[in-house]
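Residue numbers begin at 1 in each chain, while the letters A, B, ... track the order of the sequences.
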Protein chains: 2
Amino acid sequence: MSSAAKTLELLTYFSTNWPEIGLSQLCKMAKRDKATTYRHLQALEETGLIEQNPMTKRYRLGPAILQLAQTREATVPRKLGVQAPLFELANATGETCHVTVLSGTTVYELASCDSPKHGTRAIIDIQTFPLHATASGLCTVAFGPETLMEVALSNLHPFTATTATTAQDLSATVQTIHNTGFGRADRSYENEVQGLSAPIYDQTGHLAGAVSVASVAARFTPELERVIQNELMIAARQISKNWGGTIPAHIEALWAKSLTSENVLETAS
Amino acid sequence: MSSAAKTLELLTYFSTNWPEIGLSQLCKMAKRDKATTYRHLQALEETGLIEQNPMTKRYRLGPAILQLAQTREATVPRKLGVQAPLFELANATGETCHVTVLSGTTVYELASCDSPKHGTRAIIDIQTFPLHATASGLCTVAFGPETLMEVALSNLHPFTATTATTAQDLSATVQTIHNTGFGRADRSYENEVQGLSAPIYDQTGHLAGAVSVASVAARFTPELERVIQNELMIAARQISKNWGGTIPAHIEALWAKSLTSENVLETAS
DNA sequence: GAACAATGGTTCAATATATGAACCGACAAT
DNA sequence: ATTGTCGGTTCATATATTGAACCATTGTTC
C-alpha cells in the first residue's frame with residue numbers, strides 16, 4: 001500500500017456520525033503509527049482536505065472538499081452517475097427501469113433503460129410521473145418533503161381500477177411504503193404494469209429521486225419481486241453514492257426487515 | 001514534499017475550465033515524471049477521489065468528493081449560511097461578490113455570486129486567494145492569526161503595478177485595514193479590479209473568512225465605495241451570525257468610525 | 001497537589017518505499 | 001513507412017517513509 005493511499009484512506013474515517021477525529025483516535029481506527037498518521041494528516045491539511053478545529057485540536061474535513069465537489073458537479077452531470085447502475089438493474093431484472101428526480105413538487109424522468117430479455121416490455125413514455133399512481137411518484141411522496149402529499153391529493157386522477165382516488169387510499173398506500181422502504185404501484189397507472197421503486201439520496205441528505213422497475217404484471221411473481229427488490233437496493237445505493245449521498249439508516253433498516261420477513265415466509269411455506 | 005502531498009496536489013489541477021486531464025498533460029502541469037504521476041493517480045482513483053473517463057482515458061474528479069462534501073457541510077455548515085447574504089450583496093452592489101474561508105494559512109474561495117446589473121463584471125476564477133494582493137487575503141492577514149503575515153511575506157508575487165512587493169508596502173496596507181475595518185485591494189491583483197472586503201467570524205470567536213466585492217475599477221467611485229462598505233457590513237454580520245459568531249466590538253467600532261469620518265468628509269465638501 | 005494517563009507533537013536510525021529513464025503497444029497524422 | 005503522441009509498465013537506484021522512544025501539555029484521580 002502506497003503512502004499516498006494510506007493518506008487518502010484516512011479521509012474515509014470521517015462521517016456525519018463522527019465528523020471530528022483526534023490524532024490518537026484516528027491511529028486506533030486506522031491501526032497505524034502516530035507519527036505516520038500525523039504526517040499524513042499534515043499532508044491532507046496542506047491541501048485543505050482536512051483542517052484542525054482550533055478549539056478541540058481534533059481534525060475534520062476541510063474547505064477544499066467543497067471546491068472539488070463544485071467542480072465535480074459541474075464536470076459530471078447527474079445523468080452520468082445513473083447510466084451504469086440502471087443498465088445493471090435492467091439486465092438483472094429483465095425489466096424496464098427508470099430513474100426519476102424530484103424538482104419542486106414534480107417527479108421528472110431522468111433516464112430509463114430497457115432490458116432486451118423479454119419480447120414484451122413495460123413501456124412508459126412520460127416526462128412527469130403522477131405522484132399518486134406510479135411507484136416512483138409514491139416513493140417520492142413517502143420519503144420526500146411533507147408538502148408533496150398535498151400536491152398528490154390535489155390530483156387523484158383515476159388511471160386504472162386500482163389507482164388511489166381518495167385521501168384514505170393514498171394515505172394507506174404511502175403508509176405501506178413507509179413500512180417497507182419500497183415504492184409500489186399495483187397496476188395503478190397502467191393495467192398491465194407492476195411498479196416497484198426505491199428512493200435515491202444525494203449530498204444534501206434529502207431524497208433526490210427514485211429508481212424504479214416497471215414489470216409486466218402477467219409475469220410478476222413473489223420470486224421476481226424479491227429479485228427486483230434486491231436489485232433495486234443495489235441500484236439505489238449505487239446511484240445515491242454516485243450522487244454524493246447515502247441511503248439513510250432507517251431506509252436500510254426497512255429494507256433489511258422487508259427481506260428477512262420475506263425469507264421467513266419463504267422458509268415457512 | 002511528501003509523496004502524499006504530491007498526490008493530493010494533483011487534485012488542484014482540476015477545475016470547471018479544465019475538468020478532464022490526461023496523464024501526459026497532467027505530468028506537464030505538475031512537472032513530474034509519468035510513472036510517478038500515474039501511480040499517484042491510481043491511489044486517487046482507488047479512493048474514488050478521481051475517476052477515469054472510460055471513453056477518453058482522461059481523468060476527472062470522482063464521486064467520493066461529493067460524499068466528503070456532504071460530510072463537510074454537515075460538520076461545518078458554511079455554504080448554507082452564505083448563499084442568501086451573498087445574493088443580497090451582489091444585488092445591492094451590482095458587483096461580483098465572494099466569500100472566502102481561512103483554513104490553516106490558506107484563503108479558499110467558498111462561494112461567489114455575480115450580479116446581472118452590468119455587462120462588465122469582475123471574473124475571478126481562482127481557488128485560493130493570494131494573501132498580499134486580494135482584498136479578502138489582506139483582510140484575512142489583518143484580522144486573522146499573526147502567523148499569516150509571515151506566510152504572506154514569503155510570497156509577494158507582483159500581479160500588477162500596485163501589488164505590495166515589499167514588507168513595508170504590505171505592512172502599510174495591512175495597517176490601513178486595521179484602521180478602517182475593511183480589506184482593500186486597489187488593482188493589486190488584477191488591473192481592472194478594485195476589491196473591498198470585510199471579515200467574518202464564527203463561534204470560536206476567531207476570524208473564519210471574509211466577504212468581498214470585486215468592483216470593476218473603471219466605475220469605482222467614492223459613492224459606490226460607501227454603498228459597498230455598507231452592504232459588506234450587513235453581509236459580514238449576517239454570515240457571521242449564520243456561522244454562529246458575531247463581529248467583534250472593535251471591528252464594529254472601526255466600521256462606525258470609517259462611515260462617520262466619510263460622512264464628515266462628504267458633508268464638508 | 002503529586003502521581004497518573006491521556007492528549008498532540010517530534011526525533012532519528014533503519015529500511016521499506018518512491019522514483020524515473022527506458023521501454024512497450026496502440027493509435028493518428030504526415 | 002515514419003514519426004510523434006498517448007496511456008501504461010519495468011527495474012535498479014536511492015530517497016523518502018516509518019515507528020519506537022521521547023517530550024510537553026492538559027486534565028483526572030486519589
Side-chain angles (χ1 to χ4, degrees), chain A residues 1-14 17-62 75-76 80, chain B residues 1-14 17-62 75-76 102-106 145-148 150-151 203-206:
Chain A
M1 195 180 200
S2 72
S3 161
K6 284 182 219 161
T7 302
L8 294 170
E9 206 227 353
L10 293 178
L11 290 175
T12 64
Y13 293 99
F14 296 89
N17 297 337
W18 205 329
E20 278 198 354
I21 312 177
L23 173 58
S24 303
Q25 194 58 252
L26 195 52
C27 291
K28 283 176 207 156
M29 292 193 219
K31 285 161 192 157
R32 302 241 197 77
D33 184 81
K34 199 167 47 160
T36 304
T37 307
Y38 179 66
R39 281 186 299 262
H40 289 170
L41 284 171
Q42 287 213 315
L44 288 167
E45 194 170 16
E46 272 169 35
T47 332
L49 260 53
I50 62 163
E51 66 183 5
Q52 196 172 26
N53 185 336
M55 310 295 288
T56 62
K57 290 275 181 185
R58 287 184 303 206
Y59 296 87
R60 65 186 178 202
L61 295 175
T75 307
V76 182
L80 220 73
Chain B
M1 196 181 201
S2 74
S3 162
K6 283 183 218 160
T7 302
L8 294 169
E9 205 227 355
L10 293 178
L11 290 175
T12 64
Y13 293 99
F14 296 90
N17 297 338
W18 205 329
E20 278 197 355
I21 312 177
L23 173 59
S24 301
Q25 192 58 249
L26 196 51
C27 290
K28 282 176 207 156
M29 293 192 219
K31 286 163 190 154
R32 302 240 197 77
D33 185 81
K34 197 166 49 161
T36 303
T37 306
Y38 179 66
R39 281 186 299 263
H40 289 170
L41 285 170
Q42 287 212 315
L44 289 167
E45 195 170 17
E46 273 169 35
T47 332
L49 259 54
I50 63 162
E51 66 184 6
Q52 193 173 28
N53 185 337
M55 309 296 288
T56 62
K57 291 276 181 183
R58 287 184 303 206
Y59 297 87
R60 65 185 178 203
L61 294 175
T75 310
V76 187
L102 173 67
S103 181
T105 57
T106 308
E146 308 279 330
T147 55
L148 281 183
E150 299 163 33
V151 179
Q203 76 274 16
T204 68
H206 300 124

Integer-rounded Å distance: dT5(D) P and Q25(B) CD: 12 Å

message: Can you identify which nucleotide, out of dG19(D), dG7(D), dC22(D), has its nearest atom closest to the K34(A) side chain?
response: dC22(D)

Side-chain N,O (T36(A)) to OP1/OP2 (dG19(D)) below 4.0 Å: yes

query: With a non-hydrogen cut-off below 4.0 angstrom, is R32(B) in contact with a base, only sugar-phosphate, or nothing?
result: nothing

query: Does the side chain of K6(A) get closer than 4.0 angstrom to OP1 or OP2 of dT17(D) through an N or O atom?
result: no

field: Separation of dT17(D) C1' from R39(A) CZ (nearest whole Å)
entry: 6 Å

query: Under 3.5 Å, side chain of T47(A) to main-chain N/O of A43(A), donor-acceptor pair present?
result: yes

statement: Atom CG of D33(B) and atom C1' of dG8(D) are separated, to the nearest Å, by 12 Å

Derivation of the side-chain contact (heavy atoms from CB on, under 4.5 Å) call for I50(B) and L11(B): CA-CA 8 Å; I50(B) 63 162; L11(B) 290 175; 3.7 Å; yes

message: Atom CE of residue position M55(A) - does it have more than 12 heavy atoms of other residues, nucleotides or ligands inside 6.0 Å?
response: no

- line: One should read off an interatomic distance between L23(B) CG and H40(B) NE2, to the nearest 0.5 angstrom, of 12.0 Å

query: On DNA chain C, which is the earliest and which the latest nucleotide, 5' to 3', with an atom closer than 4.0 Å to a heavy atom of chain A?
result: dT7(C) to dA18(C)

task: Map A35(A) and K57(A) onto DNA chain C by nearest heavy atom, then report which one ends up closer to the 5' terminus.
output: K57(A)

message: Using only atom types and a distance under 3.5 Å, with no angle test, would you say the side chain of T56(B) pairs donor to acceptor with the backbone of R58(B)?
response: yes

task: Give a yes/no answer on whether the side chain of S24(B) brings an N or O atom under 4.0 Å of OP1 or OP2 in dG7(D).
output: yes

query: Taking only N and O in the side chain of Y59(B), is any of them less than 4.0 Å away from OP1 or OP2 of dG8(D)?
result: yes

- prompt: Quick one: CZ on F14(B) to CD1 on I21(B), what's the gap to the nearest 0.5 Å?
  reply: 4.5 Å

- request: Send over the distance from Q42(A) CD to dA16(D) P, rounded to a whole Å.
  value: 17 Å

query: Between the two end axes of the helix from dG1(C)-dC30(D) to dT30(C)-dA1(D), each built from 5 base pairs, what angle do you get to the nearest 10°?
result: 30°

message: Under the salt bridge (Lys or Arg N to Asp or Glu O under 4.0 Å) definition, can you give me all pairs with a residue in residues 30-53 of chain A, not counting sequence neighbours?
response: E9(A)-R32(A), E51(A)-R60(A), E51(A)-R72(B)

query: With sugar-phosphate meaning primed atoms plus P, OP1 and OP2, does K28(B) contact a base, only sugar-phosphate, or nothing at under 4.0 Å between heavy atoms?
result: sugar-phosphate

